K.L.:
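Here you go, one structure.
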Amino acid sequence: MSLRRSWWKTAIGLLLTAVMLFPVYWMINVSFTKTSDLRDSPPNLFPFSPTLDGYTAVLSQQLPYLGTSLLIGLGTVVVTLVISAPAGYALAKLRLRGAAPLTFILLVAQMIPGVVMAMGFYAIYLNSGLLNTVGGLILADSTIAVPFGVLLFTAFMSGIPNELIQAATVDGAGPWRTFRSIVLPVSRNSAITVSLFAFLWAWSDFIFASTLSRSGQFLPITLGIYKYIGNNTSQWNAIMATAVVASIPAAILLIVAQRYVAAGVTAGAVKD
């Protein structure tokens, strides 16, 4: 009886997984389909005459957008770690006054709609010269990742034994030396988790990009796909190929870092 129940659970799990992944499969299927076959009714479930025309178009037209998104993503990761890791350490171990209200403010900051933040950034960037720049997008994307990073680092670092911090203090290490030599190395899982989410948020951002860098010289891949749809509504294989290529870096990062993410997200949930 237990074996039969497990088979039913497995079957239901596979069915739900197939339903959720079907849009991804359809994106890949269309990316290999010839333009002349895209209007077939009913549509082909498999590309019986596959073509690489879509991917050829991506490599010849979309690589600059991919490079810009990579630069923005890495820049967002650096800014997020530089700000959120020390802030999390301060909130967790340095007994700052007003730590509880500050944590509440960070939670509220994550609830602000991106459109509202984009409008505020536009007014600021218009007068500061950051409009239509890569640096401006990095700063804007970091405002989404930093509150999450601070909260995650705070949760993990709160679980680090105080005896470890006190031993470093006895040895003559100050707060900054303790953070660099003791706290940061043991917070590897949390740092990888924050880095991954910061990169993914920056990589997939469209609201900030479309508001703050619509006419810039260097555009991210989200705007590249958006403009490509507007200019090539008949070449859906190229559009889907662009989406497939843009999804590859995120998929690779998730696969490589999944075990670190699982440990980082649950960090601080259980204390001894």
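Since this is a predicted model, take the numbers as computed values, not measurements.
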K.L.:
Kindly work out whether a path of hydrophobic side-chain contacts (I/L/V/M/F/W/Y, heavy atoms less than 4.5 Å apart) joins F32 to L45.
P.N.:
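Yes.
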K.L.:
Look at the side chain of D205 and the backbone N and O of A209, then say whether any donor-acceptor pair between them is shorter than 3.5 Å.
P.N.:
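Side chain of D205 to backbone of A209, a donor-acceptor pair under 3.5 Å: yes, one is there.
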K.L.:
Is the closest side-chain heavy-atom distance between M240 and T33 below 4.5 Å?
P.N.:
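Counting from C-beta outward, M240 and T33 never come under 4.5 Å.
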K.L.:
Spell out, yes or no, whether F104 and L151 are grouped together once hydrophobic residues are joined by side-chain heavy atoms under 4.5 Å, including indirect joins.
P.N.:
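F104 does not cluster with L151.
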K.L.:
More than 12 heavy atoms of other residues, nucleotides or ligands under 6.0 Å from CZ of R180: yes or no?
P.N.:
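Counting neighbours around CZ of R180, more than 12 heavy atoms of other residues, nucleotides or ligands fall under 6.0 Å, so yes.
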K.L.:
Checking L212 against N132 for the side chain to side chain contact (heavy atoms under 4.5 Å, CB included) test, could you report, in this order, the C-alpha distance in whole Å, the side-chain angles of both residues, the deciding distance, and whether it holds?
P.N.:
CA-CA 6 Å; L212 306 176; N132 298 318; over 6 Å; no
K.L.:
For residues P101 and G98, report the shortest heavy-atom separation together with the two atoms involved.
P.N.:
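Answer, listing the atom of P101 first, then G98: CD-O, 3.2 Å.
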K.L.:
CG/L106 to CE/M111 distance, rounded to the nearest 0.5 angstrom?
P.N.:
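Going from the CG atom of L106 to the CE atom of M111 covers 11.0 Å.
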K.L.:
Within the structure provided, determine whether S187 and I160 are in side-chain contact (heavy-atom separation under 4.5 Å).
P.N.:
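Heavy-atom side-chain distance check passes, below 4.5 Å.
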K.L.:
Report yes if some heavy atom in the side chain of T222 is under 4.5 Å from a heavy atom in the side chain of S69; otherwise report no.
P.N.:
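Not touching, per the 4.5 Å side-chain cut-off.
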K.L.:
Evaluate the side-chain proximity of V115 to I207: yes if any heavy-atom separation is below 4.5 Å, no if none is.
P.N.:
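SC-SC contact between I207 and V115 confirmed.
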K.L.:
Can you measure from CG (D53) to OG (S31) and round to the nearest 0.5 angstrom?
P.N.:
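Between atom CG of D53 and atom OG of S31 there are 11.5 Å.
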K.L.:
Which distance, rounded to the nearest 0.5 Å, do you find between the CG of L81 and the OG of S190?
P.N.:
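Atom-to-atom, L81:CG and S190:OG are 11.0 Å apart.
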K.L.:
Specify whether F46 and Y25 have parallel, tilted or perpendicular ring planes, treating 30° as the upper limit for parallel and 60° as the lower limit for perpendicular.
P.N.:
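Ring orientation, 0 to 90° scale: perpendicular.
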K.L.:
Specify whether F199 and W203 have parallel, tilted or perpendicular ring planes, treating 30° as the upper limit for parallel and 60° as the lower limit for perpendicular.
P.N.:
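The rings of F199 and W203 lie parallel, inter-plane angle below 30°.
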K.L.:
If I take atom OG1 from residue T76 and atom CG from residue L71, how far apart are they, to the nearest 0.5 angstrom?
P.N.:
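Those atoms lie 9.0 Å apart.
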K.L.:
What I'd like to find out is whether the side chain of T242 reaches to under 4.5 Å of the side chain of Y55, using heavy atoms alone.
P.N.:
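Sidechains of Y55 and T242: no contact.
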K.L.:
So T68 and L219, side chain to side chain contact (heavy atoms under 4.5 Å, CB included) or not? Walk me through it.
P.N.:
CA-CA 6 Å; T68 301; L219 302 178; 5.8 Å; no
K.L.:
At their closest point, which heavy atom of L223 faces which heavy atom of S213, and how far apart are they?
P.N.:
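So the two residues come closest at CD1-O, 3.7 Å.
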K.L.:
For P147 and A109, work out which heavy atoms get closest and say how close.
P.N.:
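Smallest heavy-atom distance, with atoms named: CG-CB, 4.4 Å.
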K.L.:
Within the 4.5 Å heavy-atom criterion, are L139 and T143 side-chain neighbours or not?
P.N.:
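Side chain of L139 against side chain of T143, heavy atoms only: no contact under 4.5 Å found.
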K.L.:
To the nearest 0.5 angstrom, please state how far the CZ atom of F197 sits from the CZ atom of F148.
P.N.:
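So the CZ of F197 and the CZ of F148 are separated by 5.0 Å.
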K.L.:
Give me the atom names and distance for the closest heavy-atom approach of I112 to M117.
P.N.:
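That would be CG2-CG, 3.6 Å.
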K.L.:
Measure the shortest side-chain to side-chain distance between Y89 and T178 over non-hydrogen atoms and say whether it is less than 4.5 angstrom.
P.N.:
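A side-chain contact under 4.5 Å exists here.
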K.L.:
Would you check if S195 and T80 make a side-chain contact, meaning some heavy-atom pair closer than 4.5 Å?
P.N.:
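S195 vs T80: side chains apart.
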K.L.:
If you group Ile, Leu, Val, Met, Phe, Trp and Tyr by side-chain heavy-atom gaps below 4.5 Å, do V108 and I83 land in one group?
P.N.:
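Shared cluster, no.
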K.L.:
Of the non-hydrogen atoms in M157 and G88, which two are nearest, and what is the gap between them?
P.N.:
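Looking at all heavy atoms of both residues, the shortest contact is SD-C, 3.8 Å.
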K.L.:
What do the steps show when you test V194 against S84 for side chain to side chain contact (heavy atoms under 4.5 Å, CB included), and what is the final call?
P.N.:
CA-CA 9 Å; V194 171; S84 62; 4.2 Å; yes
K.L.:
In the single-linkage hydrophobic clustering (I, L, V, M, F, W, Y; side-chain heavy atoms under 4.5 Å), do I72 and V82 co-cluster?
P.N.:
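No: no chain of side-chain contacts under 4.5 Å links I72 to V82.
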K.L.:
Walk me through it: do F22 and V19 pass the test side chain to side chain contact (heavy atoms under 4.5 Å, CB included)?
P.N.:
CA-CA 5 Å; F22 182 77; V19 171; 5.9 Å; no
K.L.:
What pair of heavy atoms forms the shortest contact from L184 to A85, and how long is it?
P.N.:
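Scanning both residues, the minimum pair turns out to be CD1-CB, 4.2 Å.
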K.L.:
What distance do I105 atom CD1 and Q110 atom CD have between them, rounded to the nearest 0.5 Å?
P.N.:
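Interatomic distance, I105 CD1 to Q110 CD, rounded to 0.5 Å: 13.0 Å.
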K.L.:
Is there a chain of hydrophobic side chains (I, L, V, M, F, W, Y, each step under 4.5 Å between heavy atoms) that links L21 to I255?
P.N.:
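No, because L21 and I255 fall into different hydrophobic clusters, even though each may have its own neighbours under 4.5 Å.
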K.L.:
Could you label the plane-to-plane angle of the F121 and F208 rings as parallel, tilted or perpendicular, counting under 30° as parallel and over 60° as perpendicular?
P.N.:
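Plane angle over 60°, so perpendicular.
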